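Just the heavy atoms: all of them, side chains too, but no hydrogens, waters or symmetry mates, feed the values below. As the structure is a computational prediction, the values presented were derived from the model and not from experiment. We count residues from 1, following the sequence as given.
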Amino acid sequence: MKKFLKEFRDFALRGNVMDMAVGVIIGGAFSGIVTSLTDNFINPILNLVTGHTVYTLSDVAGFASSFISAVVNFLIMAFILFCLMRAVNKAMSLGKKKEAPAEPTTKTCPYCLSEIPIKATKCAHCTSDVE
């Protein structure tokens, strides 16, 4: 059972799964903006153009406030997800050791300033002797 839970944790916290989950949640939150845009702007404009309905100033203000509310809800959801993913990434990096920087494999020739292998004693470009 312990091995199963460890495998599930490793699977669930892999980058691909977390990215997909964030994408689905953000997509769902963004659908609220699209729905609000359609209901509060596009449909009223179509109704006004076709002469089906005439809107008062308070109706227009209500449409705008509903749309702004949907945008604010989306921003709150995105901020919460950002904070959550930041905490998960920090928790995942706690147990990992930092990798040592890689040893350089090239050096610069002091005469022609071209890059040559670190073990070279003669520059392949200008044929100068290099220490």
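Residues Thr56 and Val60 fail the side-chain proximity criterion, which asks for heavy atoms closer than 4.5 Å. Side chains of Ile118 and Thr105 form no contact here, defined as non-hydrogen atoms less than 4.5 Å apart. Looking at Cys112 and Cys123, their side chains come closer than 4.5 Å, going by heavy atoms from C-beta outward. Tyr55 has its side chain within reach of Pro44: a pair of non-hydrogen atoms, C-beta onward, lies under 4.5 Å apart. Within the 4.5 Å cutoff, no side-chain heavy atoms of Asp39 are placed close to those of Phe67.
Minimum interatomic distance between Lys122 and Asp129 (heavy atoms only, all atoms of both residues): NZ-OD1, 2.9 Å. In terms of heavy atoms, Val130 sits closest to Cys109 at CG2-SG, 4.4 Å. Of all heavy-atom pairs spanning Gly28 and Ser31, the tightest one is O-OG, 2.6 Å. The shortest heavy-atom contact between Leu81 and Ile25 is CD1-CG2, 3.4 Å.
Taken from OG in Ser66 to CG in Leu37, the straight-line distance is 12.0 Å, to the nearest 0.5 Å. To the nearest 0.5 angstrom, Ile42 atom CD1 is 12.0 Å from Asn47 atom CG. Within the model, atoms CD of Glu115 and NZ of Lys107 stand 12.0 Å from one another, a figure rounded to the nearest 0.5 Å. Note: Asp59 CG to Leu48 CG = 11.0 Å, rounded to the nearest 0.5 Å. To the nearest 0.5 angstrom, Ile33 atom CD1 is 12.0 Å from Ile68 atom CD1. With rounding to the nearest 0.5 Å, the separation of CE in Met18 from CE in Met20 is 11.0 Å.
A donor-acceptor pair under 3.5 Å is absent between the side-chain atoms of Ser36 and the main chain of Gly32, judged by distance alone.
Proximity of the aromatic rings of Phe41 and Phe63 is defined here by a centroid distance below 6.0 angstrom, and this criterion is not met.
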Begin from the C-alpha positions of Ile116 and Thr106 and carry the test side chain to side chain contact (heavy atoms under 4.5 Å, CB included) through to its verdict. CA-CA 5 Å; Ile116 57 175; Thr106 61; over 6 Å; no

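Residues Leu75 and Val34 fall within the same hydrophobic cluster, defined by Ile, Leu, Val, Met, Phe, Trp and Tyr side chains chained together at heavy-atom separations under 4.5 Å. In the hydrophobic clustering of ILVMFWY residues, with side-chain heavy atoms under 4.5 Å counting as a link, Ile80 and Phe82 come out apart. Linking Ile, Leu, Val, Met, Phe, Trp and Tyr whenever their side-chain heavy atoms come within less than 4.5 Å puts Phe30 and Met85 in one cluster.
Counting non-hydrogen atoms of neighbouring residues, nucleotides and ligands closer than 6.0 angstrom, the CG atom of Leu57 reaches no more than 12 such neighbours.
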